[in-house]
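Each remark here refers to the structure printed beneath this line.
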Protein chains: 2
Amino acid sequence: MPRSTSSPSPKGSPVTLAMVARRAGVSPQTVSNAINSPDLLRPETLERVRAAIDEMGYRPSRAAQTLRTRSSKLIGYGIQPVPGGDTAPVMDRFLHALSQAADEAGYRMLLFACPPGGPSLEGYEELLGQHDVDGFVLSNTARQDPRQAWLAKRGVPFVGFGRMWSGRQIGDWVDVDGASGTDAAVEHLVALGHRRIAFLGWPRGSGVGDDRAEGWQRAMRRHGLPTRGRRAESAGDVEAARSAVKPLLDAGATAVVAVSDTLALGCYHALRERDAAPGRDVAVVGFDDSPTAGILSPSLSTVAQPLEAVGRECVRLLLARMADPAASPGRVLLEPSLVVRDSTAAPGSDAPGP
Amino acid sequence: MPRSTSSPSPKGSPVTLAMVARRAGVSPQTVSNAINSPDLLRPETLERVRAAIDEMGYRPSRAAQTLRTRSSKLIGYGIQPVPGGDTAPVMDRFLHALSQAADEAGYRMLLFACPPGGPSLEGYEELLGQHDVDGFVLSNTARQDPRQAWLAKRGVPFVGFGRMWSGRQIGDWVDVDGASGTDAAVEHLVALGHRRIAFLGWPRGSGVGDDRAEGWQRAMRRHGLPTRGRRAESAGDVEAARSAVKPLLDAGATAVVAVSDTLALGCYHALRERDAAPGRDVAVVGFDDSPTAGILSPSLSTVAQPLEAVGRECVRLLLARMADPAASPGRVLLEPSLVVRDSTAAPGSDAPGP
DNA sequence: TCTCAGCATTAGATCGATCCAAAGACATTA
DNA sequence: TAATGTCTTTGGATCGATCTAATGCTGAGA
């Protein structure tokens, strides 16, 4: 007879380990062993217990396990209030990836709402004390982020999505190599024949922004292309980007690499203002592959972060850290990928044209 | 002396109720009462216990409480894999709102990853059995959604974000009055002088889409405006929308109300194709207030869902249901709000112009 | 003086699983 | 035969809180 997967009683699942034990004619401890150390049981006993387990639809109570083992199999995640449209338009994808990776490892994500304003410690202490959370995933890590040091000090496992940008590195992290992304963007543009490639970035001082600028710069240098006068800075909103990019266009840039899709969109506006079209007259590359990028017209080439992989790696590093608190720090830098769309369709002005 | 908020021992918080009791010179039960039924204690005892509690930084262990009270104070939420950019570009806002509302009520959100493809039951049973989740919030409810009936059958409290669109209503829900949103959009356009107002919707059969279409239709009728030949249908992607809207424009529509921002963007493309500009030549209204809407040029007028309020109401209804499983169903329909931007800036063609 | 409310507090069992140590079964060896 | 060892299985305590029921205490009324 195939193993029955009969559903548990309609009214919740008050099936306890003891009940399974009675049914299988063994002691509770044996049932526990059947689940946690099957190799301790004689094969026939194991089979009998397993049969009882799924005939009764037994599921161990996490609360009881947590109480006894002091491990909740929960991973805390502080969800930030949605910022002004700029950073993290893709956090739900990341969250899904995290959840999935955690589920597959037998863990679950426990959410709590972070207060607005920069990253703070609020909430973390409570989750630790009340829920015995096994670890945390941090996102939107920032300069002067107090969380890593605070968690490290009390020996709580955590992984940051984002490396430390100031001071020494603390703890484990997973990050996306922004420099590599903009570097690839420049490569792509150079291959299309562009030489006057500008960079539209955030004001210096943000780790992420500086990293992405760096990639542009090194690729330019590698190709012997000048960067002077080809870089502008702008705050995170479209309007600021639009005016910030003008000098670059005036200086004859044939391509713009932007530090974010939002800023790339600012380029779109600036171009349209002077009756030029992205992709046809000036190539534009964004960063993040936000939902907007794919539906713009012309669609925006952009650097996509491998969020699913980031989620998986976060969970992997976190589990490793829990297994061995003294292990050397795990740091994973993932490669983003360039998504080529219409905004970089046309060849650069120096390219041989028909 | 002000109540001390000294931090707990740096190494986690192994402070138990019994330790607090010893320190305060009372029995464990009295400490428990101090927290859960303070009115049972003599004021001076209460004060003494409270002092001990926060001197020691005591936090009750959720695991132990869950085990004893069979209530985990957890709310389950199945997070869907990010769909093709169309539905739910705003789910992270909703999640934050949920988390915040839950936190304030002493609950937390427990995430699990839903498998791709329509809503299924996978995951719900496991959370129930293992974690004793107190209830669920469902989102992306769909026609033929099996979850409501399944949960209702086993007496599990839940709230849907989205009413039932087929069959009879089951359980509690919170929803946004889509019809009211499109109705308001039409009102706004009529006030600007528009009379040939078209609707670009999804294929009939989706509850949400039909609801939004209904609002347009009733507002048109109220103003004695014809709707024949002013309605087109399109799948959820921009390309499909672009071609679907053409006949409407050919028929002389001066304004288009779209069922989503994505479809509205399709209008943008179609207009640009014929050298017309949204807002100047043809007014366009979207739905959802996605991040894209605000950064387009011209910025897109759109109907915004009150996601924070939806989150709050979801939690409120859920708590009410837990408190009284037999209470009559709670159903809350919230009003969306029209966000007027540049795409509806110019007066309609029939308006008296300068 | 004794009983009997009424109040504040306490004792002990309990939720469901896992830890530890010890007991039983069985074959092997002195 | 008794002692030794291996391999399974079991008993009882335990995690930290809350439940029920019972206790000690006080003062009012008989």
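A note on names: the letters A, B, ... follow the listed sequences, proteins ahead of strands, and every chain is numbered from 1.
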TODO: Going by the ring pair (Phe, Tyr, Trp, His ring centres under 6.0 Å) test, name the single residue among A/F94, A/W173, A/F136 that passes it with A/F161.
DONE: A/F94
Take the protein atom [atom1] of [X] and the nucleotide atom [atom2] of [N], then report the distance between them rounded to whole Å.
X: B/Q65; N: C/dT14; atom1: CD; atom2: P; result: 21 Å
X: B/R70; N: C/dA17; atom1: CZ; atom2: C1'; result: 12 Å
X: A/L40; N: D/dT10; atom1: CG; atom2: P; result: 13 Å
X: A/R48; N: D/dT9; atom1: CZ; atom2: C1'; result: 11 Å
X: B/Y58; N: D/dG16; atom1: OH; atom2: P; result: 10 Å

- [ ] May I ask you to check whether over 12 heavy atoms, not counting those of B/Q169, lie within 6.0 Å of atom CD?
- [x] yes
Checking all strands, does [X] fall into the base, sugar-phosphate, or nothing category for heavy-atom contacts under 4.0 angstrom?
X: A/V31; answer: nothing
X: B/T66; answer: nothing
X: B/T30; answer: base

- [ ] Answer with yes or no whether B/R68 presents, from its side chain, a donor or acceptor under 3.5 Å of a partner atom in the base of C/dT14.
- [x] yes
Task: 5'-most by nearest nucleotide on DNA chain C - B/P43 or B/L67 - done: B/P43
Reckon [X] has a side-chain N or O less than 4.0 Å from the OP1 or OP2 of [N]?
X: A/N33; N: D/dT9; result: no
X: A/S32; N: C/dT18; result: yes
X: B/Q29; N: D/dA17; result: no

Task: Separation between CZ of B/F158 and CG of B/D134, rounded to the nearest 0.5 Å - done: 15.5 Å
Open item on the list: Can you see whether A/Y77 engages A/S139 through a side-chain donor-acceptor pair at a distance of less than 3.5 angstrom?
Closed with: yes
Task: Residue B/T45, side-chain atoms from C-beta onward, closest of C/dT10, C/dT9, D/dT9 - done: C/dT9
